[in-house]
Chemist: 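I'd like to ask you about the structure that follows.
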Amino acid sequence: MVSIVVCVKAVPDPEKADEIRIDPVTKALPRQDVPLVINPLDRNALEAALQFKEGGKVHITVVSMGPPPAGKVVKECLALGADEGILLSDPAFAGADAYATAFTLAKAIQKLDKTDCILCGRASSDGATEWVGPELATFLGIPVVTMVREFVATGDERWKVKADLADGYRLVEVEMPAVFTVTKDLNTPRTLRYSGIIKARKKGITTWGLDELDVSESSVGLKGSPTVMSDLTYVERKSTCQFIEGTLEEKADFLIQKMMEVGVL
Amino acid sequence: MSRGSTNSVWVIAEGIGGRIPGVCLELIGKARTLGDTLGGEVGVLLLGYGIQEQVDELFHAGADVVYLGDSPVYEKYQPEIFTETIVPLSKEVQPQIILLGSTFMGREQAPLIAARLGTGLTAHCIDLIINEEGILEQKIPAYGGMMTIVCPEKRPQMATVTQGVFPMPDLDMSRSGKIIPVEPPEGLRTRVETLKVVRKKPEGVPLESAPVVIAGGAGAGCAEGWQEIEDLAKTLNAAVGSTRPAVDEGWTELETMIGQSGKMVHPEFYIAVGISGDMQHMVGISGAKAMVAVNNDPQAPVFEQVDYGIVADCREFIPILLRKLREKGDL
Ligand SMILES: Cc1cc2nc3c(=O)[nH]c(=O)nc-3n(C[C@H](O)[C@H](O)[C@H](O)COP(=O)(O)OP(=O)(O)OC[C@H]3O[C@@H](n4cnc5c(N)ncnc54)[C@H](O)[C@@H]3O)c2cc1C
Ligand SMILES: Nc1ncnc2c1ncn2[C@@H]1O[C@H](COP(=O)(O)O)[C@@H](O)[C@H]1O
């Protein structure tokens, strides 16, 4: 049995996330009820695990750190085919930066019986640091390959993968267990099916907090984060825009004229 | 500490393939300013093979010390060998600040180094300032505003920056400095190995240096709408840029994304098609002589950030513009 862990982050729905913005008058961040969804690239990570499962005996554990509503996202992963879901949730975990997030995920993964492979998304849509995968690998003391676009050879103790580079890729051989962060090009994630939802009803999710992870409060959440936000300021925009009036034809003529004036046409 | 000072500012440069990327020189320019403010020296760590000749350029850009690892083991990017070279050296010299370019290597190396050093790391900064307390303020756009991130206690303070955020420094040909040789780690059992690197010749006009950029966003609506934007770019011999939703939709590749977590562009002429004007995208464009937005919503924030506004449905407007340009070309 191969044990795969998929790290899934519950993120504000990217289609609505832009609604969360500072108020130009109060300069504060208003509370917004944007629904949480699976981080888009974590769908690719989960899909990779599900495809491994189609090819052999694989146990998939989804691990997610987030507030209680993130449980819904873990449930969705179960409905998509994951075997086990663990939600890391505790008020003490709040405000974690990438470092504290990776640390907490590592503590949870170390609690599992055995892990052969860990899959993450390349980036989260709301944090987008790309740090959690490599930092997680460091805390676990195992290797990492970031931006994986293809699993070339798996199954042995050393896997071969293709990872993105500017204008190309690198072929990397890595000793397992390892962490991989995956890109969108890896696969096309499946969508939810009714049968999966029914099956997932029987699977419960486990919640672990500070006590279960046996970590000190000062090593997680905001307290365990080396970086903090010190300020958030509203940026005034000066509007000097000249709106072009007229028919679409006239607007097109104007644009062509402008490009000639600037000397790019 | 036997070398350097704790006020030193470091840049991790790359010499992969014998060429130092422009972003490293830009960062050395910035490190110079930060180092002068802190009263510390600028150290550059350069790992590669056959790169000896390029060291002078680092001094010209502002480096005081170059830690040079010139060895066949550094010829390709090997994550563990690089980390095991950089981490011990950093523990020894204890720089205040370490900057890396948001290159493919930098984006993997930075978190590996930061986690090993037990310190914080800020992604894709668009500005770096030393505040009154001598702490590095790292600026990133967020929630329609500007966020400041600090790493108040842990050292070094680490950040990655994309090419084009900071200007190329003026090279001072009279500057030189000290070279300190760096030896590869001994007896390291590596578990990750880059077997080969495959590069294809990039197609079209490179986005970062294109004089005209046509950027498309969610407003393109569908793959067909996106194709019209690509056609327009082709007709104008322009580079295609994008926003994150366009990449998420699969209309275009991540390589075309402009902004905070994408590329920085400096075109003479920039056209935003179906883009709302979110800061995270707009910080990626600077120095344009003229900026135009095509958007069907006259209230779209993009209009507050461009010179000329065209309120139109891009699916109607772009084909008309294309036809007119082609007619003009035929003349
Ligand atoms: C940490 C982080 C990092 C990010 N980094 C980046 C980055 O590097 N680059 C980036 O681009 N984004 C980035 N984003 C995402 C960013 O916040 C915005 O979500 C994104 O830039 C919005 O893209 P858009 O303007 O295409 O889409 P939208 O905001 O959805 O805007 C679409 C626009 O199209 C207009 N429109 C619709 N239909 C038409 C039509 N038929 N004709 C004309 N106009 C039409 C609409 O009026 C609207 O203004 C990041 C987000 C986060 C949280
Ligand atoms: N809170 C979290 N819980 C579980 N996985 C996470 C969490 N945050 C980040 N990750 C994983 O790390 C990847 C990169 O996230 P980031 O470093 O925020 O860009 C994501 O795609 C997830 O796989």
Side-chain angles (χ1 to χ4, degrees), chain A residues 14 18 20-22 29 40 97-99 102 123 128-131 134-135 138-139 143-147 164-175 183-184 225-235 237 239-244 248-249 251-253 255-256 258-259 262-265, chain B residues 80 103-104 107-108 111-112 114-116 119-123 137 142-154 191-200 202 211-212 236 248 261 268-269 276 278-279 289-290 292 303-312 316-317 320-321 324-325 328:
Chain A
D18 288 345
I20 316 172
R21 46 186 62 252
I22 45 171
L29 207 56
D97 68 0
Y99 185 93
T129 66
E130 309 181 17
W131 303 153
E135 298 205 334
T138 305
F139 290 127
V144 62
V145 186
T146 59
M147 297 186 234
D164 277 359
L165 270 188
D167 306 315
Y169 67 87
R170 57 192 171 109
L171 182 67
V172 185
E173 190 177 66
V174 57
E175 187 180 296
T183 68
K184 203 166 67 61
S225 297
T227 58
V228 289
M229 181 182 101
S230 68
D231 194 24
L232 179 62
T233 48
Y234 181 74
V235 179
R237 296 201 188 98
S239 177
T240 48
C241 175
Q242 177 193 340
F243 280 100
I244 312 311
L248 291 180
E249 302 267 338
K251 287 174 180 175
D253 287 336
L255 190 51
I256 291 170
K258 264 293 152 217
M259 295 185 81
V262 173
V264 292
L265 198 71
Chain B
E80 288 163 308
T103 59
F104 281 77
R107 279 145 73 178
E108 186 175 283
L112 290 175
R116 281 286 302 283
T119 192
L121 170 65
T122 307
E137 295 197 342
Y143 309 116
M146 194 63 76
M147 196 189 266
T148 305
I149 307 227
V150 291
C151 181
E153 274 144 34
K154 300 282 201 271
R191 297 162 299 177
V192 202
E193 194 187 346
T194 304
L195 300 177
K196 77 175 174 190
V197 172
V198 178
R199 287 185 199 277
K200 61 174 174 5
V212 185
L236 288 168
D248 285 347
S261 40
E268 290 180 39
F269 207 92
S276 62
D278 207 273
M279 277 265 280
K289 283 192 194 141
V292 182
F303 288 127
E304 294 164 22
Q305 303 166 78
V306 295
D307 305 301
Y308 303 101
I310 293 177
V311 179
E316 293 172 17
F317 180 69
I320 292 173
L321 180 60
K324 285 197 172 270
L325 282 165
K328 199 172 162 298

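By convention in this document, chain letters (A, B, ...) are assigned in the order of the sequence lines, proteins followed by strands, and residues within each chain are numbered from 1. These values consider heavy atoms only, across backbone and side chains, with no hydrogens, waters or symmetry-generated copies. None of the values given here were measured: they were computed from a predicted structure.
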Chemist: Given a strict heavy-atom distance threshold of 4.5 Å, which part of V197(B) is in contact with chain A: side chain, backbone, both, or neither?
Modeler: both
Chemist: In terms of heavy-atom proximity below 4.5 Å to chain B, should F243(A) be classed as side chain, backbone, both, or neither?
Modeler: both
Chemist: Is chain A contacted by the side chain of K154(B), its backbone, both, or neither, given a heavy-atom distance below 4.5 Å?
Modeler: side chain
Chemist: Measure distances from M147(A) to the heavy atoms of chain B and classify the residue's part below 4.5 Å as side chain, backbone, both or neither.
Modeler: side chain
Chemist: Quick one: does K324(B)'s side chain get under 4.5 Å of D253(A)'s, heavy atoms only?
Modeler: yes
Chemist: Using non-hydrogen atoms only, which part of Q305(B) is less than 4.5 Å away from chain A: side chain, backbone, both, or neither?
Modeler: side chain
Chemist: Side chain from CB out, backbone as N, CA, C, O: work out which of these in K289(B) comes under 4.5 Å of a heavy atom of chain A, or both, or neither.
Modeler: side chain
Chemist: Quick one: which of T183(A), D167(A), I22(A) has the most heavy-atom pairs under 4.5 Å with chain B, could you say?
Modeler: D167(A)
Chemist: Please identify, among V235(A), L165(A), L232(A), V262(A), the residue contributing the most non-hydrogen atom pairs under 4.5 Å to chain B.
Modeler: L165(A)
Chemist: Please tell me whether Y308(B) and F303(B) form a close aromatic pair, meaning their ring centres lie under 6.0 Å apart.
Modeler: no
Chemist: Between atom OG1 of T194(B) and atom CD of E80(B), what is the distance when rounded to the nearest 0.5 Å?
Modeler: 10.0 Å
Chemist: Regarding T146(A) and E108(B), do their side chains bring together a donor and an acceptor under 3.5 Å, going by distance alone?
Modeler: yes
Chemist: With chain B, which of A128(A), A166(A), A123(A) has the greatest number of heavy-atom pairs at distances under 4.5 Å?
Modeler: A166(A)
Chemist: Hey, is the main chain of A312(B) close enough, under 3.5 Å, to the side chain of K251(A) for a donor-acceptor pair?
Modeler: no
Chemist: So which residue, L121(B), I149(B), T103(B), ends up with the most heavy-atom pairs under 4.5 Å with chain A?
Modeler: L121(B)
Chemist: If you tally heavy-atom pairs under 4.5 Å against chain A, which of A115(B), P152(B), G309(B), G120(B) wins?
Modeler: G309(B)
Chemist: Does any heavy atom of chain B fall under 4.5 Å from the side chain of K184(A), the backbone, both, or neither of them?
Modeler: side chain
Chemist: So, E130(A) side chain and R107(B) main chain: donor-acceptor pair closer than 3.5 Å or not?
Modeler: no
Chemist: Given heavy-atom pairs under 4.5 angstrom as the criterion, report whether the side chain, backbone, both or neither of I20(A) touches chain B.
Modeler: both
Chemist: Find the one option among T138(A), D97(A), D18(A) whose heavy-atom pairs under 4.5 Å with chain B are most numerous.
Modeler: T138(A)
Chemist: Looking at chain B, which one of T129(A), L255(A), L265(A), T240(A) has the largest number of heavy-atom pairs inside 4.5 Å, strictly under?
Modeler: L255(A)
Chemist: What's the separation between atom CE in M147(B) and atom CE in M229(A), rounded to the nearest 0.5 Å?
Modeler: 5.0 Å
Chemist: What part of T227(A) gets closer than 4.5 Å to chain B, counting heavy atoms only: side chain, backbone, both or neither?
Modeler: both
Chemist: Measuring from atom CG of L195(B) to atom CG of L171(A), what distance do you get when rounded to the nearest 0.5 angstrom?
Modeler: 5.0 Å
Chemist: If you count heavy-atom pairs under 4.5 Å between each of G168(A), A252(A), G263(A) and chain B, which one has the most?
Modeler: A252(A)
Chemist: Would a 4.5 Å heavy-atom cut-off, applied to side chains only, mark V212(B) and M259(A) as touching?
Modeler: yes
Chemist: Return yes when atom OH of Y143(B) has more than 12 non-hydrogen atoms of other residues, nucleotides or ligands closer than 6.0 Å, and no otherwise.
Modeler: no
Chemist: Report which part of P143(A) has an atom under 4.5 Å of a heavy atom belonging to chain B: side chain, backbone, both, or neither.
Modeler: both
Chemist: Quick check on V198(B) against chain A: is it the side chain, the backbone, both or neither that has a heavy atom closer than 4.5 Å?
Modeler: both
Chemist: Is it the case that more than 12 heavy atoms not belonging to E153(B) sit under 6.0 Å from its CD atom?
Modeler: no
Chemist: Any side-chain heavy atom of K328(B) sitting closer than 4.5 Å to one from I256(A)?
Modeler: yes
